[in-house]
Amino acid sequence: MTSQLLLILSAFGFCLLAILLFYPLSQRIGLVDIPKGRKQHQGAIPLIGGLSVFSGLAVALAIFAPEALSPAYYLALAGSIVILGAFDDYLDLSVKLRLAIQLAVGLGMVYALDLHLASLGNLFGLGEVTLGVLGIPITLIAVIAAINAFNMTDGIDGLAGMLSLVSFVSIAGFMLLWGQPEQALLPMTLICALLPYLAFNLHLVPGKKIFMGDAGSMLIGLSVIWLLIIGTQSETASFRPVTALWLIAIPLMDMVAIMLRRILKGQSPFQADREHLHHISLRLGLDSRESLTLITALACIFACIGVIGEYLMIPDILMLLLFVLVFAGYILLLQNIWRILSHLRRRLPRRR
């Protein structure tokens with residue numbers, strides 16, 4: 001128990017130390033985010049959040065992690081994705097190169113650890129849906145989707161970090177309560193490693209604001225899908241695959257909705273724009289902190305639906321249908337948000 005507590009708490013300390021060490025270095029080497037185009041923040045902000053979280057996590061896991069966590073494999077693959085993200089932050093890599101390396105990391109998960117989707121559970125009420133040979137390609141798609149879903153949420157202060165906290169807390173709770181207490185150490189350690197980053201990113205530490213960067217958002221995405229696969233596919237699975245959808249509902253729905261919208265416009269699904277949920281909330285008149293609160297609250301509500309459904313063992317097909325219904329409503333709302341607002345403004349009495 002002492003070593004487990006040391007693992008969790010040391011991640012906080014090592015991450016904080018990494019931030020303090022990397023902060024002056026980032027200014028010297030130019031690893032900073034300069035406002036231009038879609039970026040509207042003030043000043044050159046160090047892109048060291050992801051590097052700091054990974055460094056703190058790596059040192060803590062290397063010293064205190066039990067072998068059951070397979071820390072060497074996780075750190076090797078997570079380190080690869082962090083390096084990719086850091087180079088992307090610095091050089092703005094091409095989409096094809098990013099996808100190729102993400103695919104290679106997914107293949108490492110599948111073949112080095114045999115970590116892949118083998119079953120979707122009793123998804124349609126007709127018995128367990130096993131994937132067979134389709135399990136590996138579906139896993140690779142899921143890995144790439146998760147990495148990019150969380151990467152796309154990193155548009156306002158604290159959002160990617162807070163959404164990942166919702167996922168990590170939910171996963172840790174399932175694992176602690178339902179059969180995977182040793183595996184719960186990883187999400188708990190990730191939570192502690194994220195807290196110093198959030199303190200600096202949300203400007204709770206005066207004068208030293210930092211951004212997560214692609215290195216951090218990609219690390220989060222990989223870690224989430226890693227934990228979801230462990231939590232749903234192992235012999236001691238602590239929750240069902242359909243529940244996993246609810247734990248990452250906001251990043252997943254936002255990514256799919258925005259990609260569909262781009263494709264329908266004849267654009268590349270990877271083309272950057274300002275049509276994400278957090279952008280829309282800002283254009284509705286909310287400030288950055290209010291948008292963060294609203295979107296995080298929505299993520300908590302969706303995660304709670306997943307937790308309640310798992311606790312009550314509501315049939316998989318009902319949980320899936322509810323998710324599809326919510327998803328459809330989400331897409332329709334975003335597609336018609338300006339029309340709805342225009343109608344409401346006409347109906348509401350004007351202030352004098």
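Residue numbers count from 1 along this sequence.
- Residues F150 and L222 have side chains not in contact (no heavy-atom distance under 4.5 Å, counting atoms from C-beta outward).
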Identify every side-chain donor-acceptor pair in residues 111-118 under 3.5 Å, counting partners at least two apart or on other chains, and give the distances.
unit_1 : atom_1 : unit_2 : atom_2 : d
D114   : OD1    : H116   : ND1    : 3.3

Could you give the side-chain donor-acceptor pairs of residues 98-109 under 3.5 Å, partners two or more places apart or in another chain?
unit_1 : atom_1 : unit_2 : atom_2 : d
R98    : NH1    : L93    : O      : 2.8
Q102   : OE1    : N148   : ND2    : 2.9

Acceptor/donor pairs from residues 53-60 side chains to any protein atom, 3.5 angstrom cut, sequence neighbours excluded:
unit_1 : atom_1 : unit_2 : atom_2 : d
S55    : OG     : L51    : O      : 2.7

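- When the side-chain hydrogen bond (donor to acceptor under 3.5 Å, both in side chains) test is applied to E182, no partner is found at least two apart in sequence or on another chain.
- Side chain of E310 to backbone of R240: a donor-acceptor contact under 3.5 angstrom is found.
- Ring pair Y74/W226 is perpendicular by interplanar angle, where above 60° counts as perpendicular and below 30° as parallel.
- Taking the side-chain contact (heavy atoms from CB on, under 4.5 Å) definition, one finds that V324 meets it with L320, sequence neighbours left out.
- Contact detail for L84 and M218: the closest heavy-atom pair is CD2-SD, 3.9 Å.
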N/O donor to acceptor pairs below 3.5 angstrom from side-chain atoms of residues 17-25, sequence neighbours left out:
none

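- Around the CZ atom of F327, the shell of radius 6.0 Å holds more than 12 heavy atoms that belong to other residues, nucleotides or ligands.
- When every heavy atom of S291 is checked against every heavy atom of S281, the shortest pair comes out as OG-OG, 2.9 Å.
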